[in-house]
Amino acid sequence: MRRIKAFICHAMLGLAACGLSACGGGGGSDGGGAGVAGASDSSWLVFTPSSINRMSYVGESQAVNVHVTSRKTIPEKINIGIIDGKGVFTTDVVINAISAMEYKATLRISPLLPLGTYTGSIEVRICLDDPMVCQKPVDGSPWQVPYKIDVASGADLRPLAAWPQAPAWSTYKGNASHTGFVPATTDFAAFSRRWLWTDPAVPALPVSSVAVDAGVVFAVTGIRFGSDWTLWAISESSGSVLWKHAFGSLFNVNPPAASNGKVFVTSTGNEDGFFWVFDQKSGAMLSKQARSSQWQTYLAPTVLGAEVYTGTGSDGGMTKFDIATNTFGWTIPLPRYDGWTPAVDETHAYAYVDSSLHAVRKTDGIIDFKIADPRSKWAGSTVNAAPVLGVDKAAYVVQYGPNNGGSDARLIAFDLAKRNIKWQLSGRFRSNPVLVDDVLYVVNDSFLEARSAQDGAVLWAWDSRDGLDTRFQAVNDIVATKNHVFVSGKNTVYTIDATSHTTAWRYPQSGKLAISANGVLYISAASGQLVAVNLK
């Protein structure tokens, strides 16, 4: 018998106030220990998910979270054992209390499993004596949680081919309108991990959101005030490094943008403000021009045609860069905020800062108009947002509020033609919206919601707690194709079918998302991993 881990507690309120203690392993059968009594009422303890269905990779140890809810208290001292007779999970189990009656158990899939599919059940015992014997089980014990674990190779370098209508993923949310949408159809049966990359010298450095152009992935790694800031060019086909540029010690290097055969990067800091331009193929630095800044951070510069727009300025602002001449066209002051980038259309560049949507004329940098947001509440100097532009002359923004995704967050639609607020909704919004035709996708509390872009009405919703292994947290990331929505939670990226509104696929990692024109999903993780997933 394999006893993964046990914990002992005095439980006067549910199963709370428990101390963990590791127990020995060992091979053996699946069967229960001697004297385990049949259950008379097991319904008071609920496991979510009720069965585990996960994917892992050879040589890796993926985490599996199970939420446990108790509906009654147990006054006696109890012992809890988790039994796995097949060695599918490791002995590294952690149990944390969410509340007095709710808990999260984190198990890890064994990295020693070879390629294949593994089925069985873990057995949860709650006993008044030793769970290895369990001659005094509590009412309802033991519980069985079935599992199906698919272990894949982790490297599927199938030939790449571009979607006919898909553009390059050049900037934040893919394009200058920041819609996060790729006009292509995906088939979850074809999904597989293509490759996984980490910085070979410093593998734990966070990876920025990426830009992908002409079969090359561009990413920045580093931490604030660090000495290892690096821009990477990685082959989309193989995951190998084509070139890199070491920036050295800087306060911050922001995510890259890529277009017109070049890569554009901004660095910020009191003496570290620069606008960098690199050749996509060779990595040669084409220019490095000083730009004033203080301690702001920004999202990736926004590219549209032959122009680049980005935040700048010691006291806040926006600047326009001309790609052909390698010069700045204009720089204007704006209220000092960070965590944003402008959205750009044929006539204007738009920034949501200081409780207003600012519309800046592209030709001369003049603020053409502002749309005030009088219900905005101070949420600090970091916006964590960029406007999303719709074909109906609307701009959509999430304003997180002082509680960072709490009940005072809002989803706002600005009417750019009438220059007023078209509609606004309060909620627990925890992501920037994604726009697919006339549908907005946004995370609201633990739900992925599909809302009408016309009036904000809910069209359908998917609940992350419905049989899944985590809950969302602010700020999440979303991208979409014609038939799937990809949403990043706390430690999992979920693929939601836009027709059936059910989970089609998941990957056990979270991070910033991007989809290339070659049909590859990218997950940039704060843990230092860049994951490439084939979508076709």
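Hydrogens, waters and symmetry mates are skipped; everything else that's a heavy atom, side chains included, is used. FYI, the numbering just counts along the sequence from 1.
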Kindly write out the residues that satisfy side-chain hydrogen bond (donor to acceptor under 3.5 Å, both in side chains) with [X], not counting sequence neighbours, or none if the list is empty.
X    : answer
Q529 : Q509
K422 : Q454
T327 : T325

Return the set of residues passing side-chain contact (heavy atoms from CB on, under 4.5 Å) with [X] (not counting sequence neighbours), or none when no residue passes.
X    : answer
L286 : K262, V277, D279
D354 : P335, Y337
Q280 : D213, A214, F218, A258, V263

Legend entry - Check ion pair R430-D445 (N to O, under 4.0 angstrom):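 Here R430 pairs with D445 in a salt bridge, since their nearest N and O are under 4.0 Å apart.
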Just checking, any donor-acceptor pair under 3.5 angstrom between side chains of [X] and [Y]?
X    : Y    : answer
D272 : S267 : no
S61  : R108 : yes
N326 : S287 : yes
N476 : S488 : no
S355 : S376 : yes

Student check: side-chain heavy atoms of [X] and [Y] closer than 4.5 Å:
X    : Y    : answer
Y352 : V383 : yes
D345 : S177 : no
V493 : V533 : no
I323 : V303 : yes
V265 : F247 : yes
R375 : S426 : yes
N432 : Y396 : no
V397 : Y350 : no

Inset, instruction - Could you give me the CA-CA distance, side-chain angles and deciding distance for R419 and D368, then say whether salt bridge (charged side-chain N to carboxylate O under 4.0 Å, His left out) is met? - result: CA-CA 11 Å; R419 301 183 179 182; D368 193 14; 3.8 Å; yes
Legend entry - ring-ring contact (aromatic ring centres under 6.0 Å, His included) pairs, two or more places apart, involving residues 285-305: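 ring-ring contact (aromatic ring centres under 6.0 Å, His included) check on residues 285-305 returns F225-W295, F251-W295, Y298-W340.
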Legend entry - Any pair counted as salt bridge (Lys or Arg N to Asp or Glu O under 4.0 Å), so long as it reaches residues 308-319, sequence neighbours left out: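 Sorted pair list: D315-R336.
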Legend entry - Residue pairs fulfilling salt bridge (Lys or Arg N to Asp or Glu O under 4.0 Å) with at least one residue in residues 513-524, sequence neighbours excluded: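 Qualifying pairs, neighbours excluded: none.
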Whether [X] side chain and [Y] backbone form a donor-acceptor pair below 3.5 Å:
X    : Y    : value
K536 : A161 : yes
Q399 : K377 : yes
W169 : N175 : no
N260 : G305 : yes

Legend entry - Reported OG1-to-CG distance for the pair T106 and N96, which is rounded to 0.5 angstrom: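 Those atoms lie 6.5 Å apart.
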Inset, instruction - Any pair with a residue in residues 189-207 that passes side chain to side chain donor-acceptor pair (under 3.5 Å), sequence neighbours left out, goes on the list, sorted by first then second residue, please. - result: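 Every pair satisfying side chain to side chain donor-acceptor pair (under 3.5 Å) with a residue in residues 189-207: E60-R193, D156-S192, R158-S192, S192-N534, R193-Y507, R194-N534.
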Inset, instruction - Among residues two or more places apart or on two chains, list those pairs meeting side chain to side chain donor-acceptor pair (under 3.5 Å) that have a residue in residues 181-190. - result: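 Listed by first then second residue: T186-T481, T186-N483, T186-H484.
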Legend entry - Aromatic plane relationship, F278 with W276 - under 30° parallel, 30 to 60° tilted, over 60° perpendicular: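 Correct class here is parallel.
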Taking all non-hydrogen atoms of both residues, which atom of [X] and which atom of [Y] are closest, and how far apart?
X    : Y    : result
K482 : F181 : N-CE1, 3.7 Å
W460 : D497 : CH2-O, 4.4 Å
S235 : L242 : N-CG, 3.8 Å

Contacts under 3.5 angstrom, residues 521-528 side chains, donor-acceptor by atom type, not counting sequence neighbours:
from : atom 1 : to   : atom 2 : distance (Å)
Y522 : OH     : E236 : OE2    : 2.9
S524 : OG     : S208 : O      : 2.9

Inset, instruction - Determine, for F328 and R291, whether the Lys NZ or Arg CZ falls below 6.0 Å from the six-membered ring centre while staying within 45 degrees of the axis. - result: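 Yes.
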